[in-house]
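Take a look at the structure below.
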Amino acid sequence: MILGAEFYLRNNVTIVARELLGKLLVTNIDGQKTSGIITETEAYQGVVDKASHAYGGKLTNRTEVMYRPGGFAYVYLCYGIHSLFNVVTNRKDIPHAVLIRSIAPFEGIEHMLARARKGINAKNIGVGPGKVSKLLGINYGLTGQRLTLDFINKSKQKELTIWIEDLNENPKKSEIEMSPRIGVDYAGDDALLTYRYVYNRK
DNA sequence: CATAGGATCGCCT
DNA sequence: GGCGATCCTATGT
């Protein structure tokens, strides 16, 4: 079942980040359907979070998507090479987001391998936010895409490009590890927050 | 207009 | 453990 807006609109981004573990992230790009089970996420808590692109209420062309209501894709280019995929959460004007850091490939693995051929190590495939986007065919041009079917008739878009499905795979507490987020040393105290969630699947 | 730097990755030593 | 790749974004003049 495709997750609806109510899943993303909730006001606690850390709960959404945790509940995204075990869900299926799906793309339909270039006529190729690919998907992976989400195994690692990070929560970014908007204006109060020094690690967030929206810290202090920063609003630019790039971050505008984060201020939309939950259920949009926020994709940005990192180091000039990697498109990192985030899910926007909370209600309009609260710029919270969850970075998807790892997936376990599920469907369309042959398409993923073809995409990976250009510069991906076969080892740890799907582990790391740059690799998630590479495998699923997500690039920064897809920022602002809707992830839900709500209001689909109000737009000209007929089908989704990126969405998330519930497989009823519910990770146990003992299978989830929390730790500080990666690569945010510049964030001072906020670098210590354990907003990273890793799902160790059996 | 110019410029510095980044929520990374793979390959090298 | 270190480094280069590679380009958009944000900021400053």
Side-chain angles (χ1 to χ4, degrees), chain A residues 8 12-21 23 25 27 34 36 38-68 70 72-90 94-105 112-145 147 162 164 176-199:
Chain A
Y8 305 100
N12 189 327
V13 68
T14 62
I15 289 178
V16 176
R18 186 200 170 287
E19 291 189 7
L20 280 170
L21 298 175
K23 299 291 192 290
L25 175 58
T27 60
T34 50
I38 297 170
T39 54
E40 183 184 354
T41 60
E42 283 179 358
Y44 286 85
Q45 202 166 206
V47 299
V48 300
D49 183 354
K50 293 193 187 77
S52 170
H53 292 163
Y55 174 61
K58 186 153 80 172
L59 176 60
T60 64
N61 280 339
R62 179 173 74 149
T63 63
E64 168 272 320
V65 174
M66 298 179 81
Y67 291 80
R68 297 188 195 175
F72 283 89
Y74 170 52
V75 185
Y76 72 96
L77 189 66
C78 189
Y79 298 106
I81 302 173
H82 307 288
S83 292
L84 303 203
F85 172 74
N86 299 252
V87 170
V88 174
T89 74
N90 214 314
I94 309 289
H96 291 184
V98 177
L99 172 66
I100 308 300
R101 289 194 59 90
S102 300
I103 57 169
M112 297 196 203
L113 290 173
R115 288 168 177 154
R117 205 149 291 157
K118 308 167 196 165
I120 273 195
N121 198 333
K123 197 168 100 178
N124 284 333
I125 195 156
V127 177
K131 291 190 278 188
V132 168
S133 294
K134 184 102 183 173
L135 293 183
L136 294 174
I138 296 171
N139 62 64
Y140 68 93
L142 293 175
T143 198
Q145 288 275 321
L147 305 175
I162 310 174
I164 299 177
I176 299 176
E177 277 182 52
M178 294 171 61
S179 59
R181 295 168 293 184
I182 303 295
V184 298
D185 297 341
Y186 57 85
D189 304 343
D190 292 339
L192 303 176
L193 296 168
T194 55
Y195 282 179
R196 176 173 176 237
Y197 300 86
V198 179
Y199 174 23

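Proteins get letters first, then strands, A, B, ... in listed order; numbering begins at 1 in each. Hydrogens, waters and symmetry mates play no part in the numbers below; they use all other heavy atoms, side chains included.
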Identify the pairs formed between an N or O of the protein and an N or O of nucleotides 1-4 of chain B at a distance under 3.5 Å, and give each distance.
none

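Where stacking is scored as ring centres under 5.5 Å apart with planes under 30°, A/Tyr79 does not register as stacked on the base of C/dA5.
Taking atom CZ of A/Arg101 as the reference point, atom C1' of B/dC9 lies 11 Å away to the nearest angstrom. Atom CG in A/Asn86 sits about 17 Å away from atom P in B/dG6, given to the nearest Å. Taking atom NE2 of residue A/His82 and atom C1' of nucleotide C/dA5, one finds them 8 Å apart after rounding to whole Å. Regarding A/Lys131, its NZ atom lies at a distance of 9 Å from the C1' atom of B/dG10, rounded to whole Å. Rounded to an integer number of Å, the gap from A/Ile81 CD1 to C/dC7 P is 8 Å. Between the CG atom of A/Leu135 and the C1' atom of B/dC9 there is a distance of 13 Å, rounded to whole Å. In this structure, A/Ile138 atom CD1 and B/dA7 atom P are separated by 18 Å, rounded to whole Å. To the nearest angstrom, C1' of B/dG6 lies 11 Å from OH of A/Tyr74.
Residues meeting the side-chain contact (heavy atoms from CB on, under 4.5 Å) test with A/Ser133, sequence neighbours left out: A/Ser83, A/Phe85, A/Ile138. Partners of A/Arg62 under the salt bridge (charged side-chain N to carboxylate O under 4.0 Å, His left out) rule, at least two apart in sequence or in another chain, do not exist in this structure. Considering only residues two or more places apart in sequence or on other chains, A/Asp189 meets the side-chain contact (heavy atoms from CB on, under 4.5 Å) condition with none of them. The salt bridge (charged side-chain N to carboxylate O under 4.0 Å, His left out) test applied to A/Arg18 returns no partner, not counting sequence neighbours. Legend: residues meeting side-chain contact (heavy atoms from CB on, under 4.5 Å) with A/Leu59, ordered by chain and number and at least two apart, are A/Thr63, A/Glu64, A/Tyr67. Partners of A/Thr27 under the side-chain hydrogen bond (donor to acceptor under 3.5 Å, both in side chains) rule, at least two apart in sequence or in another chain, are A/Thr34. Listed by chain and number, the residues in a salt bridge (charged side-chain N to carboxylate O under 4.0 Å, His left out) with A/Glu177 amount to none (sequence neighbours excluded). With sequence neighbours left out, the salt bridge (charged side-chain N to carboxylate O under 4.0 Å, His left out) criterion links A/Glu42 to A/Arg101.
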Name every donor-acceptor pair, under 3.5 Å, that has one atom in a side chain of residues 50-57 of chain A and the other anywhere in the protein, sequence neighbours excluded.
from    : atom 1 : to      : atom 2 : distance (Å)
A/Ser52 : OG     : A/Ala54 : N      : 3.0
A/His53 : ND1    : A/Tyr74 : OH     : 2.7

Discussion item. Across nucleotides 8-13 of chain C, 5' to 3', mark each nucleotide with B, S or - according to how protein heavy atoms within less than 4.0 Å reach it.
Written reply: SSSS--
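When atom types are taken as modelled, the side chain of A/Arg181 and the backbone of A/Arg196 share no donor-acceptor pair closer than 3.5 angstrom. Of the possible polar contacts, one joining the A/Thr143 side chain to the A/Val75 backbone as a donor-acceptor pair under 3.5 Å is found.
The A/Leu99 side chain lies nearest to B/dA7 when the options are B/dA7, B/dG10, C/dT6.
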Worksheet entry | Pair pattern of DNA chain B in dot-bracket, where unpaired bases get dots and | marks partners in another strand, Watson-Crick or G-U under 3.5 angstrom | ||||||.|||||.
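Applying the 3.5 Å distance criterion, the base of B/dA7 shares a donor-acceptor pair with the side chain of A/His53.
Contact between the side-chain N/O atoms of A/Lys134 and the OP1/OP2 oxygens of B/dT8 is not found at any separation under 4.0 Å.
Put simply, the side chain of A/Val88 does not reach to within 4.5 Å of the side chain of A/Leu147, judged on heavy atoms.
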